[in-house]
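So you know, we letter chains A, B, ... as the sequences are listed, proteins then strands, and number each from 1.
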Amino acid sequence: MELSGWVQDEAYRWRRPPTGAMRVPAVIYASAALMAEMDDKVAEQIANVATLPGIVEAAYAMPDAHWGYGFPIGGVAAFDPDLGGVVSAGGVGFDISCGVRALHTGLRVGELRPLKEALADTLFGEVPAGVGSTGAISLAPAEMDAMLEGGAAWAVARGYGTSADLVRVEEQGRMAGALPDCVSDKAKNRQRREMGTLGSGNHYLEVQEVSEIFDRAAAAAFGLAQGDVVVSIHCGSRGLGHQIGTEFLRDMAKSAAGFGIALPDRELACAPLTSPVGERYLGAMRGAINCAMANRQIITHLTRAAFARIAPEAELSVLYDVSHNTCKLEEHQVGGVPRRLFVHRKGATRAFGPGHPDLPSDLRAVGQPVMIGGSMGTGSYMLVGAATAGERAFGSACHGAGRSMSRHQALRTWRGRAVIDELAGRGILIRSPSYRGVAEEAPGAYKDVTAVVDEADQAGLARKVARLKPHVCVKG
DNA sequence: ATGTGC
């Protein structure tokens with residue numbers, strides 16, 4: 001990235017004072033090394049976000065930021081509805097409410113080893129994965145609406161898991177304010193048979209070992225010890241969220257000029273939070289949040305079924321479930337004054353610090369679990385929201401390693417079969433319907449997740465708790 | 001991300 005115009009005001013923080021149409025500064029949390037590696041497009045896009053009406057404090061980018069549609073992936077921006085603030089479909093992204101759910105298994109890595117092959121095959125058989133994958137569930141229109149309003153709580157009411165699961169899900173598994181009538185029939189039809197499916201791209205289900213502990217107290221509060229086996233599920237709202245994103249990007253691009261909004265980039269299409277189109281988007285997007293949480297809840301149920309056949313002694317409980325593509329109304333202190341703001345997080349995880357009232361009572365003292373997915377071979381991390389996260393970036397942190405190479409470039413560089421063999425040699429079993437998908441997701445196509453996580457920690461966004469080493473990965 | 005797209 002070209003660094004002119006940026007001021008390094010801390011070791012892990014860069015600030016660009018407002019120029020031109022920017023209403024607030026742009027801030028990127030990264031070291032000089034990651035900043036240099038970062039795409040120039042991130043600087044351009046985050047500065048564009050800073051021009052949007054009603055933006056508060058600054059437009060932020062996380063250390064894993066990369067070029068996205070309109071907003072960078074790894075972008076965080078908050079808007080005040082009373083100051084003409086906007087909601088942007090591009091600020092949430094196409095994969096609405098994509099997120100990570102982590103599960104305890106009650107197993108130790110020694111117990112996992114002899115079962116790995118069978119578990120990989122059974123999970124791959126049980127959890128549909130890949131482009132256009134469908135499941136055993138088909139939702140009639142009334143059930144679709146109930147799902148869009150009820151989220152993971154709807155799934156539990158239908159027998160997929162238990163109410164105890166919901167305690168550890170963001171919003172207790174049900175996002176209030178969803179408006180199924182604002183979700184098009186086309187979006188609903190696309191989703192009809194996609195509940196309980198992983199999808200494609202960077203989505204996965206992994207069986208992982210807690211390979212290193214960095215923060216004993218937080219790990220203990222999360223119920224994690226070295227050698228424990230956990231499951232991470234990374235997926236979103238499938239075709240429904242994608243269709244909602246597509247339709248509202250189009251509608252917002254059409255209506256922006258009528259609201260007097262000058263867009264620096266058509267992809268930044270947005271609408272006032274209080275406008276009819278803005279309110280319809282929020283209602284539809286909250287339905288997609290419920291869809292994603294219901295999806296991860298059903299996949300949890302399928303994962304339990306797979307473990308029950310291979311390792312009946314396993315007991316799978318939810319450690320935490322949090323999204324990284326959302327726009328949510330939250331209270332934040334701005335200059336010591338509490339304000340209610342709509343926080344966009346696109347490829348950025350909510351990371352509330354200790355004491356936040358929205359956290360489950362047994363985690364409140366330590367802070368919110370923050371799951372960071374790495375690439376297939378490199379491992380993942382469990383972090384905890386830092387006490388300073390609220391004032392640094394509206395209680396947000398990074399969400400993954402971030403791509404360092406385009407999908408196209410990755411396809412030219414690797415063969416899926418060879419990637420699978422190489423990882424198998426290191427004890428990491430991949431199961432995927434698509435060699436092409438595996439090649440696109442080759443570990444070498446991603447940044448070093450350890451560097452990204454270290455910088456989120458050093459920047460005061462989220463502290464490292466544990467490292468997770470992959471053993472089995474079901475990949476879309 | 002996606003009933004993948006030039």
Side-chain angles (χ1 to χ4, degrees), chain A residues 41 45 64-75 88-101 128-135 137-139 144 183-205 233-250 267 269 281 284-285 287-289 291-293 295-296 299 323-327 344-349 373 375-376 398-403 405-412 416 432-442 445-446 474-476:
Chain A
K41 277 282 180 184
Q45 291 191 319
D64 57 337
H66 52 114
W67 182 11
Y69 188 95
F71 276 59
I73 296 160
S88 168
V92 174
F94 288 96
D95 190 9
I96 299 171
S97 199
C98 180
V100 180
R101 172 178 289 210
V131 178
S133 50
T134 54
I137 301 164
S138 179
L139 297 185
M144 177 65 69
V183 178
S184 70
D185 287 341
K186 192 171 182 183
K188 291 174 182 175
N189 284 333
R190 280 183 70 170
Q191 193 59 30
R192 195 175 160 84
R193 297 198 56 215
E194 290 191 342
M195 296 309 296
T197 67
L198 272 179
S200 61
N202 65 359
H203 291 169
Y204 60 77
L205 182 154
I233 298 164
H234 177 211
C235 63
S237 54
R238 306 286 285 107
L240 180 124
H242 190 271
Q243 189 63 33
I244 291 170
T246 303
E247 292 169 7
F248 278 94
L249 275 163
R250 185 195 61 206
E267 293 186 359
Y281 175 71
M285 180 208 60
I289 291 177
C291 177
M293 293 194 294
N295 196 28
R296 293 193 287 271
I299 292 173
S323 300
H324 48 233
N325 289 346
T326 58
C327 174
H344 293 65
R345 295 189 183 90
K346 181 185 187 182
T349 306
S375 63
M376 288 184 295
C398 56
H399 83 308
R403 293 197 78 88
M405 194 184 278
S406 70
R407 293 186 176 279
H408 192 76
Q409 200 182 344
L411 282 177
R412 284 198 312 252
S432 172
S434 165
Y435 286 132
R436 176 185 174 149
V438 170
E440 288 180 351
E441 294 293 318
Y446 279 81
V474 178
K475 192 85 185 166

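Between A:Ile73 atom CD1 and B:dT2 atom P there is a gap of 13 Å when expressed in whole angstrom units. Separating the CD atom of A:Gln191 from the C1' atom of B:dT2 is a distance of 12 Å, rounded to the nearest angstrom. The separation between A:Phe94 atom CZ and B:dT2 atom C1' is 9 Å, rounded to whole Å. Between the CD atom of A:Gln243 and the C1' atom of B:dT2 there is a distance of 10 Å, rounded to whole Å. Residue A:Arg436 contributes atom CZ, which lies 9 Å from atom C1' of B:dG5 at whole-angstrom precision. Regarding A:Tyr69, its OH atom lies at a distance of 17 Å from the P atom of B:dT2, rounded to whole Å. Look at CD on A:Glu440: it is 12 Å from P on B:dG5, rounded to the nearest Å. Taking atom CD1 on A:Ile244 and atom C1' on B:dT2, their separation rounds to 14 Å, with Å as the unit.
A:Lys186 comes within 4.0 angstrom of a nucleotide base, judged by non-hydrogen atoms across all strands. A:Gly241 comes within 4.0 angstrom of no nucleic acid atom, judged by non-hydrogen atoms across all strands. Backbone-only engagement by A:Glu194 is indicated by non-hydrogen atom pairs under 4.0 Å involving sugar-phosphate atoms exclusively. Using a 4.0 Å heavy-atom cutoff across all strands shown, A:Gly93 reaches no nucleic acid atom at all. In this structure, A:Thr246 reaches neither bases nor backbone, as no heavy-atom distance under 4.0 Å exists between it and the strands shown.
A:Ser237 places no side-chain N or O within donor-acceptor distance of the main-chain N or O of A:Leu240, the cut-off being under 3.5 Å.
Of the candidates A:Gln191, A:Gln243, A:Lys188, A:Met285, A:Val183 forms a side chain to side chain contact (heavy atoms under 4.5 Å, CB included) with just one, namely A:Lys188. Each of A:Arg296, A:Arg345, A:His399 was checked for a side chain to side chain contact (heavy atoms under 4.5 Å, CB included) with A:Ser323, and the lone residue meeting it is A:Arg296. Here the rule is ring-ring contact (aromatic ring centres under 6.0 Å, His included) with A:His242, and of A:Phe94, A:Tyr69, A:Phe248 only A:Phe94 fits it.
Mapping A:Glu441 and A:Ser434 onto DNA chain B via the closest heavy atom, the residue that lands nearer the 5' end is A:Glu441.
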